[in-house]
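To keep things clear, I will list the structure first and then write my remarks on it.
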Amino acid sequence: MLPHKKIELKLQAAVRELLPDADVSAVLVRPCDPKFGDYQSNALMALAKARKLDPRQLAADVVARLDVSGVCDPVTIAGAGFLNFRLIPALLRQTLEAAARGEHLFFDLAANPKTVVIDFSSPNVAKPMHVGHIRSTGIGDALQRVLRLLGHRVISDNHIGDWGTQFGKLLLGWKQLLDRPALERDAIAELERLYKVINAECDAHPARLEAAKAELVLLQAGDADNVAIWREMIALSQKQFDAIYGRLGVSFDVALGESFYNPCLGGVVADLLARGIARESEGAVGVFSDGSLPPREDPFLVNRDGEWLPDPALVRKSDGGFKYTTTDLATVDYRLKTWSPRDIVYVVDDRQSGHFKKLFLIVDRWQPAAAKNTRLVHVGFGKILGDDGKPFKTRSGDTVKLGDLLDEAEARAFVIVSEKSSDMPEAQRREIARVIGLGAVKYADLLPNRQSDYIFSWDKMLALQGNTAPYLQYAYARIQSIFRKSESSSSLVTRHSSLALAAPEEFALAKHLLNFGLTLEAVAGEYRPNFLCNYLYDLAGKFTSFYECCPVLKAETDATRDSRLALCALTARVLKQGLAVLGIEVVEQM
RNA sequence: GCGCGCGUAGCUCAAUUGGAUAGAGCGUCGGUCUCCGAAGCCGAAGGUUGUGGGUUCAACUCCCGCCGCGCGCACCA
């Protein structure tokens with residue numbers, strides 16, 4: 001068990017002894033400014049406030065019952081009631097040596113693993129994946145990797161858009177305008193062309209729209225020809241998806257698209273009607289406010305001219321068709337029944353927050369028992385903007401295709417790598433450029449607080465200075481360079497090393513290594529990968545400071561050399577593992 | 001109009017249950033390679049966290065007003 005966890009357990013025990021009925025789940029420690037110690041807890045101040053106790057007195061009473069011998073120096077109370085903990089050097093050393101022996105990598109597996117369904121990426125059939133899919137795909141993939149590393153059970157699900165009204169137009173286009181050779185050259189481009197042409201025609205001519213609707217009705221009725229074409233469009237799209245996911249290294253446990261739930265939709269609406277959750281209105285069926293929330297907080301109400309009017313979530317259109325709310329409800333139902341998850345996480349654009357707010361409230365009403373055990377979470381994110389502050393587009397104003405974006409990332413990285421390492425064989429430079437280019441794009445997307453928009457900048461994401469993937473990859477490559485120059489491999493060195501920390505830079509690096517697990521838990525708890533980005537950037541910074549000040553191979557004594565080699569190896573392992581759960585690879589040289 | 005979100009250094013972004021002196025990078029200025037990768041490192045300058053109130057021992061964080069920007073507002077997803 002890592003030191004910070006030991007402290008937390010002892011602290012919680014002391015609080016429970018003093019206040020037997022207190023909820024100690026929030027009694028935690030966090031890393032703090034070194035001048036105060038290694039960890040601090042401010043939890044007692046909140047506890048004191050809630051119970052109207054004197055915070056300093058509570059802190060003193062807790063500390064009197066707190067036994068952290070063997071873990072920390074005597075605990076000090078500061079300010080309004082902070083507890084400051086300073087690790088004893090022996091425990092720091094032991095923790096690092098155990099890690100060097102491969103017994104852990106500064107994180108503990110979850111004591112209570114949870115089952116989490118993560119819904120992300122969700123591309124549409126017959127459309128190219130574009131820049132808009134990076135965020136959902138990258139954040140979702142990072143989350144599934146972090147949760148798995150911590151020992152949780154994850155079901156990642158790609159909810160592909162393979163059903164809906166757009167197929168009426170696509171079928172009409174396929175039957176009347178399909179250019180077979182073009183389809184074979186670039187299936188997605190041809191499907192996109194068909195859709196655009198028919199869509200424009202439908203806007204102009206009601207008859208065309210009727211024809212498209214007729215094709216849709218046939219498809220929904222199971223017409224053999226239309227179903228066959230629809231299946232072919234899905235297969236062609238899947239090839240595109242597979243190619244992109246292959247490049248990105250992203251995989252899913254299941255990919256249950258919208259069509260999978262099609263047979264359930266009628267039943268969902270019937271059930272909602274039967275339970276009085278939904279009702280008919282103007283020929284459609286919708287879920288209306290149940291009045292349980294104040295109007296201002298009720299998403300099923302909208303204010304017009306000072307009057308609160310219904311703003312229902314429709315589950316069936318007046319023409320009998322279903323809406324995506326209906327599909328989403330069927331999907332929740334399936335997930336609850338199939339996996340009984342603790343969380344269902346939707347990694348979807350923040351612009352859909354209103355939809356999810358309604359969806360989650362409907363689930364609460366529809367399946368109150370299951371909803372009590374499952375938390376539905378909308379992990380939203382902001383937009384990607386161009387340097388003009390408007391949504392990121394190509395020069396000609398089109399959406400940026402994901403494949404093109406990845407190509408450009410690799411091409412730009414190749415130019416840089418070739419410039420810096422001109423003596424390397426081209427094949428090696430290509431491979432390095434692939435890792436750096438893809439890593440740069442992914443990292444730039446994971447770094448900002450996910451709720452905010454960010455401005456896409458090739459120069460910034462590919463720079464070696466600042467908080468970028470190449471900077472982290474460079475730190476890793478430098479460490480590997482040390483091991484190439486040393487006699488021993490990193491695993492051999494570390495396995496037999498004992499740590500002897502002396503310089504402040506060594507302590508700072510060593511202590512930061514200990515916080516890896518804490519950071520992973522924060523990522524998993526709040527669904528925010530950027531915490532890990534910032535941790536890794538700090539780690540690389542602390543490593544380079546150490547590297548500048550503390551000669552490794554030229555250390556004064558063998559003991560110091562071995563100790564520093566061990567620190568290097570541990571740093572490399574954490575960097576590699578940390579980047580790996582962000583979906584980013586490393587290279588030995590760059 | 002109503003709702004949701006955002007507003008932090010010149011620029012791009014951080015800031016983990018409200019916590020201790022709001023941090024980075026770019027840009028600017030100044031140091032640093034006969035020494036393990038200088039694609040690096042060290043330092044300086046740069047802030048009334050949009051604005052006005054409130055709650056608190058403590059507010060970028062919570063509450064209210066205002067200003068500015070973005071997004072969403074039944075029968076697309």
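These numbers come from a predicted model, not from an experiment. Worth knowing before you read on, the calculation uses all heavy atoms, side chains too, and leaves out hydrogens, waters and symmetry mates. Per chain, numbering begins at 1; letters A, B, ... match sequence-line order.
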Roughly how far apart, to the nearest Å, are [N] and [M] at atom [atom1]?
N     : M     : atom1 : result
B:A74 : B:U49 : C1'   : 39 Å
B:G53 : B:G10 : P     : 23 Å
B:A20 : B:C62 : P     : 16 Å
B:C63 : B:G18 : P     : 12 Å
B:U51 : B:C13 : C1'   : 23 Å
B:G25 : B:C67 : P     : 38 Å
B:C26 : B:G40 : P     : 8 Å

Where is the tightest heavy-atom contact between A:Thr165 and A:Leu216, given as atom of each residue plus distance?
CA-CD2, 3.8 Å
Can you tell me how far [atom2] of [N] sits from [atom1] of [X], to the nearest Å?
X        : N     : atom1 : atom2 : result
A:Lys196 : B:C76 : NZ    : P     : 21 Å
A:Ile455 : B:G25 : CD1   : P     : 20 Å
A:Tyr474 : B:C41 : OH    : P     : 8 Å
A:Leu385 : B:C6  : CG    : C1'   : 12 Å
A:Phe543 : B:C36 : CZ    : P     : 14 Å
A:Glu521 : B:U17 : CD    : P     : 15 Å
A:Asp162 : B:A77 : CG    : C1'   : 12 Å

Looking only at side-chain atoms of [X], point me to the closest of [options].
X        : options             : value
A:Arg484 : B:C13, B:G37, B:C42 : B:G37
A:Ser545 : B:A20, B:C42, B:C13 : B:C42
A:Glu258 : B:A77, B:C73, B:C36 : B:A77
A:Arg528 : B:C76, B:A15, B:C35 : B:A15
A:Tyr324 : B:A77, B:C57, B:U16 : B:A77
A:Ser281 : B:A74, B:A20, B:G37 : B:A74
A:Thr165 : B:A20, B:C76, B:A15 : B:C76
A:Lys357 : B:A20, B:C4, B:C76  : B:C4
A:Ala78  : B:A20, B:G19, B:A15 : B:A20
A:Met590 : B:C13, B:G37, B:C57 : B:G37

[N] OP1/OP2 closer than 4.0 Å to side-chain N/O of [X]:
X        : N     : answer
A:Lys390 : B:G70 : no
A:Gln465 : B:G40 : yes
A:Asn530 : B:A15 : yes

Side-chain-base donor-acceptor pair under 3.5 Å for [X] and [N]:
X        : N     : result
A:Asn84  : B:A20 : yes
A:Thr468 : B:A24 : no
A:Ser318 : B:C75 : yes
A:Thr327 : B:A77 : no

Dump the intermediate steps for ring pair (Phe, Tyr, Trp, His ring centres under 6.0 Å) on A:Tyr454 and A:Phe381, then the final yes or no.
CA-CA 10 Å; A:Tyr454 75 91; A:Phe381 51 81; 10.0 Å; no
Re B:C4: Watson-Crick or G-U wobble partner, both distances kept under 3.5 Å, found to be B:G70
Ring centres within less than 5.5 Å and planes less than 30° apart: is that true of A:Tyr537 and B:A24 in this structure?
no
Are the ring of A:Phe82 and the six-membered base ring of B:A20 within the stacking cut-offs of under 5.5 Å and under 30°?
yes
Salt bridge flag under 4.0 Å for residues A:Arg56 and A:Asp54
no
Between A:Leu143 and A:Val523, is any pair of side-chain heavy atoms under 4.5 Å apart?
yes
Do A:Glu505 and A:Lys542 come close enough that some side-chain heavy atom pair is under 4.5 Å?
no
Any cation-pi pair here, A:Arg478 with A:Tyr547, using under 6.0 Å and within 45°?
yes
A:Ser457-A:Asp459 side chain donor-acceptor pair, cut-off 3.5 Å
no
Report the residue (A:Phe531 or A:Trp308) whose heavy-atom-nearest nucleotide on RNA chain B is the more 5′ of the two.
A:Trp308
